[in-house]
Asker: 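Dumping the structure here so I can ask a few things about it.
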Amino acid sequence: DAKTTQPPSMDCAEGRAANLPCNHSTISGNEYVYWYRQIHSQGPQYIIHGLKNNETNEMASLIITEDRKSSTLILPHATLRDTAVYYCIADGTGTASKLTFGTGTRLQVTL
Amino acid sequence: DSGVTQTPKHLITATGQRVTLRCSPRSGDLSVYWYQQSLDQGLQFLIQYYNGEERAKGNILERFSAQQFPDLHSELNLSSLELGDSALYFCASSVGQMNTEAFFGQGTRLTVV
């Protein structure tokens with residue numbers, strides 16, 4: 001699986017959009033980009049995933065660059081409850097047994 | 001609430017002991033995964049079961065074993081416990097064998113003293 005690189009931490013004001021970047025320059029054609037988050041020692045929570053096209057669901061939007069070497073997770077209106085560690089994962093196996101959680105980005109949402 | 005239930009939430013035990021962690025997957029999910037999260041190792045995959053059979057193995061120690069029962073609940077058995085086994089143990093479930101959208105439980109925090 002491709003290695004992903006994320007900034008260790010980010011801050012965001014409540015109500016503003018949080019844009020979390022992820023670099024996956026070695027991603028291969030069959031690897032999806034997945035985002036999970038973990039709120040303070042709770043179990044990780046699936047957010048969204050995509051292959052080439054931008055994706056949106058009720059939680060977030062995922063923007064993948066045309067060359068697929070990087071992506072951005074967007075939380076459109078961050079709240080205090082979005083404070084968490086966000087993990088970007090590149091995976092081509094289609095199974096949660098192969099998910100490799102790196103160190104992620106710790107997002108702190110502040111008033 | 002993910003629908004995945006893990007018991008107990010907290011467990012404190014002594015070195016050398018054996019413990020059993022239990023996981024009930026979401027209704028309808030056939031795959032169960034076990035992960036370990038320690039401070040120095042991050043979140044690591046241990047083992048996957050699908051419909052009662054072992055499907056994938058990760059960095060699981062020989063002192064650890066797991067099984068999935070006919071009612072699809074799973075148990076992770078940890079024996080000859082060492083201080084370094086202190087960690088959060090998460091169970092996750094998914095519908096099929098090959099789903100990356102997995103739903104995680106709230107974890108069992110194991111402390112070995």
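The model shown is predicted, which means the values in this text are computed figures rather than measured ones. Letters go in sequence order (proteins before strands), and every chain restarts at 1.
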Asker: Decide whether A:Ile39 and A:Tyr87 are clustered together by the hydrophobic rule: side chain heavy atoms of Ile, Leu, Val, Met, Phe, Trp, Tyr closer than 4.5 Å, transitively.
Answerer: no
Asker: Considering only heavy atoms, which portion of B:Gln48 lies under 4.5 Å from any heavy atom of chain A: side chain, backbone, both, or neither?
Answerer: side chain
Asker: Tell me, side chain or backbone of A:Thr103 under 4.5 Å from chain B's heavy atoms, or both, or neither?
Answerer: neither
Asker: Is there side-chain contact between A:Tyr36 and B:Phe104, with at least one heavy-atom pair below 4.5 Å?
Answerer: yes
Asker: Within a reach of under 6.0 Å around CZ of A:Arg16, are more than 12 heavy atoms found that belong to other residues, nucleotides or ligands?
Answerer: no
Asker: Quick one: do B:Val19 and B:Leu76 end up in the same hydrophobic cluster if we chain Ile, Leu, Val, Met, Phe, Trp and Tyr together by side-chain heavy atoms under 4.5 Å apart?
Answerer: yes
Asker: Taking everything shown except B:Ile12 itself, do over 12 heavy atoms lie less than 6.0 Å from its CD1?
Answerer: no
Asker: Please classify the contact between B:Phe103 and chain A as side chain, backbone, both or neither, with a heavy-atom cut-off of under 4.5 Å.
Answerer: neither
Asker: Are the side chains of A:Phe101 and B:Phe45 in contact, using a 4.5 Å heavy-atom criterion?
Answerer: no
Asker: Hey, mind stepping through A:Leu99 and B:Tyr35 against side-chain contact (heavy atoms from CB on, under 4.5 Å) and telling me if it holds?
Answerer: CA-CA 10 Å; A:Leu99 292 180; B:Tyr35 279 81; 3.5 Å; yes
Asker: Identify which of B:Gln6, B:Gln37, B:Arg109 forms the greatest number of heavy-atom pairs closer than 4.5 Å to chain A.
Answerer: B:Gln37
Asker: Where on B:Ala92 is there a heavy atom nearer than 4.5 Å to chain A: the side chain, the backbone, both, or neither?
Answerer: neither
Asker: According to a 4.5 Å side-chain heavy-atom criterion applied to Ile, Leu, Val, Met, Phe, Trp and Tyr, with indirect links allowed, do B:Phe90 and A:Tyr46 form part of one hydrophobic cluster?
Answerer: yes
Asker: Counting only heavy atoms not in B:Arg26, do more than 12 fall under 6.0 Å of its CZ?
Answerer: yes
Asker: Under a 4.5 Å heavy-atom cutoff, which of A:Gly102, A:Gly43, A:Gly104, A:Pro44 has the most pairs with chain B?
Answerer: A:Pro44
Asker: In terms of heavy-atom contacts, does CG of B:Leu39 have more than 12 from other residues, nucleotides or ligands at under 6.0 Å?
Answerer: no
Asker: Does any heavy atom of chain B fall under 4.5 Å from the side chain of A:Gln38, the backbone, both, or neither of them?
Answerer: side chain
Asker: Out of B:Gln44, B:Glu101, B:Arg55, which one racks up the most heavy-atom pairs below 4.5 Å with chain A?
Answerer: B:Glu101
Asker: If Ile, Leu, Val, Met, Phe, Trp and Tyr residues are connected whenever their side-chain heavy atoms lie under 4.5 Å apart, and connections chain through other members, are A:Leu62 and A:Tyr34 in the same group?
Answerer: no
Asker: Which region of A:Tyr32, side chain (C-beta onward) or backbone (N, CA, C, O), has a non-hydrogen atom less than 4.5 Å from a non-hydrogen atom of chain B, or is it both or neither?
Answerer: neither
Asker: With a 4.5 angstrom heavy-atom cut-off, is it the side chain or the backbone of B:Leu88 that approaches chain A, or both, or neither?
Answerer: side chain
